[in-house]
Amino acid sequence: MKKEIDNIFVDVRNAFRLLSRYQKRILNIVNYIREQTPYTDMWGSKNWYSDEIKNRRNSPDKEYAKLNVFKDMWGLDFLYGHFFEYYFGTTKIGKHTVEMSVFQVSDDGYFISNDENKHMTDVYSYASSEVSHSYIVFNVSVYTTKFSQLWLGDPNRPNESQKDFLTRFLESSKDTIITSTDKEHSILKKYEMQRFASQSETDKVISDFAKLVKDNTGVKFFKENFYRNDVL
């Protein structure tokens, strides 16, 4: 029994070391994607399907032990890389505003599970790891209005929340969803993480998405080389 328990904690240590290398790789990929655009900064959002750990106001010392932790937290609250959004902000291309973010979906097993009682915290209710996927999702809205009206939204479902829109997309077998009005186009596309194995392969993904946006909006905002046919 002791040997079995010892082996469990060997697996735990190996898992954290793997996750550290994996997360650094994802951060490098996302930053490389951003560097191929006019965006100069990025921000993060985790609280789509689990909570961010926030500062606690009544901490005994505002500079020490200041995070809000409590008994009923989810394990996923501590695992930021499970599902994370990197928000690049907005940029102007002529009369158009282009708003962009990238989602890190490390495991879509919850979304594609057929378990009627599935829950995000119950990993046993997920689809198996073998049939699940790991994605980077590109998300762009191009609009001429003051603010986006279609950011993570569908004009045919005006009462649907952004989270419900995103969940519906991640649960579907579709790899692309495009919503449009006469003043805005919103495009999301999933790319399996295996496609980012090298810079040249990543460039092919960026080129694919750049051309998808251009074909649907007429706007080019990635570097010019991604619109050449030889990239693909």
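All residue numbers refer to positions in the sequence shown, counting from 1. FYI, side chains are in, hydrogens and waters are out, and symmetry mates aren't considered; it's all heavy atoms of this structure.
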Legend entry - Intermediate values then yes/no, side chain to side chain contact (heavy atoms under 4.5 Å, CB included), Phe221 and Val142: CA-CA 10 Å; Phe221 69 100; Val142 180; 5.5 Å; no
Legend entry - Evaluation steps, ring-ring contact (aromatic ring centres under 6.0 Å, His included), between Phe88 and Tyr86: CA-CA 6 Å; Phe88 294 171; Tyr86 304 85; 7.8 Å; no
Inset, instruction - Check the pair Leu188, Thr179 against side chain to side chain contact (heavy atoms under 4.5 Å, CB included), reporting the backbone distance first and the verdict last. - result: CA-CA 9 Å; Leu188 284 87; Thr179 55; over 6 Å; no
Legend entry - Stepwise side chain to side chain contact (heavy atoms under 4.5 Å, CB included) check, Val30 with Met42: CA-CA 10 Å; Val30 172; Met42 59 182 175; 4.1 Å; yes
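Checked against the 6.0 Å centroid criterion, the rings of Tyr49 and Phe111 qualify as a close aromatic pair.
The structure places CD1 of Ile8 at 9.0 Å from CG of Asp6, a figure rounded to the nearest 0.5 Å. With rounding to the nearest 0.5 angstrom, the CZ atom of Phe83 is 11.0 Å from the CG atom of Asn47. Between the CD1 atom in Ile177 and the CG atom in Leu166 there is a gap of 9.5 Å [rounded to 0.5 Å]. Taken from CG in Leu212 to CD1 in Ile178, the straight-line distance is 5.0 Å, to the nearest 0.5 Å. Rounding to the nearest 0.5 Å gives a distance of 9.0 Å between NZ of Lys190 and OG1 of Thr176. Within the model, atoms CE of Met100 and CD1 of Ile187 stand 10.5 Å from one another, a figure rounded to the nearest 0.5 Å.
Legend: ring pair (Phe, Tyr, Trp, His ring centres under 6.0 Å) pairs involving residues 3-25, not counting sequence neighbours: none detected. For residues 188-220, the pairs satisfying ring pair (Phe, Tyr, Trp, His ring centres under 6.0 Å) are Phe138-Tyr191, Phe138-Phe209, with sequence neighbours left out. For the ring pair (Phe, Tyr, Trp, His ring centres under 6.0 Å) condition, no pair includes a residue of residues 50-69, sequence neighbours left out.
Glu201 is linked by a salt bridge (Lys or Arg N to Asp or Glu O under 4.0 Å) to Lys204, counting only residues two or more places apart in sequence or in another chain. Among residues two or more places apart in sequence or in another chain, the salt bridge (Lys or Arg N to Asp or Glu O under 4.0 Å) test is passed with Lys118 by Glu171. Judged as a side chain to side chain donor-acceptor pair (under 3.5 Å), and not counting sequence neighbours, Thr202 has no contacts. Partners of Ser148 according to the side-chain contact (heavy atoms from CB on, under 4.5 Å) rule, which considers only residues two or more places apart in sequence or in another chain, are Glu99, Ser141, Tyr143, Trp151, Glu184. Annotation: side chain to side chain donor-acceptor pair (under 3.5 Å) contacts of Asp215 (sequence neighbours excluded): none. Applying the side chain to side chain donor-acceptor pair (under 3.5 Å) rule to Asn28 yields no partners; only residues at least two apart in sequence or on another chain are considered. Listed by chain and residue number, Thr97 satisfy the side chain to side chain donor-acceptor pair (under 3.5 Å) test with Lys92 (two or more places apart in sequence, or in another chain). Listed by chain and residue number, Val10 satisfy the side-chain contact (heavy atoms from CB on, under 4.5 Å) test with Asn14 (two or more places apart in sequence, or in another chain).
For Lys163 (side chain) and Trp48 (main-chain N/O), a donor-acceptor pair under 3.5 Å exists by modelled atom type. Remark: side-chain polar atoms of Lys211 are paired, donor with acceptor, to backbone N or O of Arg228 under 3.5 angstrom. Although no hydrogens or angles enter the test, the distance criterion places a donor-acceptor pair under 3.5 Å between the side chain of Glu52 and the main chain of Lys46. A donor-acceptor contact shorter than 3.5 Å is absent between the side chain of Glu116 and the backbone of Asn114. Judged by distance alone, the side chain of His119 and the main-chain N or O of Thr121 form a donor-acceptor pair under 3.5 Å. A donor-acceptor pair is defined here as one N or O able to donate and one able to accept, closer than 3.5 Å; no such pair exists between the side chain of Ser132 and the backbone of Asp107. Remark: the backbone N or O of Tyr110 is not paired with any side-chain donor or acceptor of Ser113 at under 3.5 angstrom.
Using a 4.5 Å heavy-atom threshold, the side chains of Asn55 and Leu67 count as touching. Taking 4.5 Å as the limit, every side-chain heavy atom of Asp175 sits out of range of all side-chain heavy atoms of Tyr135. Within the 4.5 Å cutoff, no side-chain heavy atoms of Thr145 are placed close to those of Phe147. Side-chain contact between Thr37 and Thr91: absent, with no pair of heavy atoms (C-beta onward) separated by less than 4.5 Å.
The minimum heavy-atom distance between Met193 and Gln104, with the atom names listed, is CE-CG, 3.9 Å. Nearest heavy atoms, Phe222 versus Ile33: CE2-O, 4.4 Å. Residue Ser59 comes nearest to Ala65 through the heavy atom pair OG-O, 3.2 Å, listed as atom of the first residue, atom of the second, then distance. Minimum interatomic distance between Ser101 and Glu85 (heavy atoms only, all atoms of both residues): OG-OE2, 2.9 Å. Smallest separation of non-hydrogen atoms from Asn68 and Arg56: OD1-CD, 3.7 Å. The nearest pair of heavy atoms linking Ala127 to Ile112 is CB-CG1, 3.7 Å.
Both Phe103 and Trp43 belong to a common hydrophobic cluster when Ile, Leu, Val, Met, Phe, Trp and Tyr are linked at side-chain heavy-atom distances under 4.5 angstrom. One hydrophobic cluster, built from ILVMFWY side chains closer than 4.5 Å, cannot hold both Leu19 and Tyr126; they sit in different ones. Criterion: ILVMFWY side-chain heavy atoms under 4.5 Å apart, direct or through other members. Under it, Phe165 and Val102 are not part of a common hydrophobic cluster. Residues Val213 and Val137 are members of separate hydrophobic clusters, defined by side-chain heavy-atom contacts under 4.5 angstrom among Ile, Leu, Val, Met, Phe, Trp and Tyr. By the criterion of side-chain heavy atoms lying less than 4.5 angstrom apart, applied directly or through intervening Ile, Leu, Val, Met, Phe, Trp or Tyr residues, Tyr39 is grouped together with Val140 in one hydrophobic cluster.
A donor-acceptor pair shorter than 3.5 Å cannot be found between the side chains of Asn139 and Tyr87. In the model, Ser106 has no side-chain atom that pairs as donor or acceptor with a side-chain atom of His82 under 3.5 Å.
Using a cutoff of 4.0 Å between basic side-chain nitrogens and carboxylate oxygens, Arg157 and Asp164 are not scored as salt-bridged. In this structure, Asp154 pairs ionically with Arg168, as a charged nitrogen and a carboxylate oxygen lie closer than 4.0 Å.
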Check residues 69-80 and write down every donor-acceptor pair under 3.5 Å in which the side-chain atom is one partner and the other belongs to a residue at least two apart or another chain.
from: Asp77; atom 1: OD1; to: Asp51; atom 2: N; distance (Å): 2.9
from: Asp77; atom 1: OD2; to: Trp74; atom 2: N; distance (Å): 2.9
from: Tyr80; atom 1: OH; to: Ile53; atom 2: N; distance (Å): 2.8

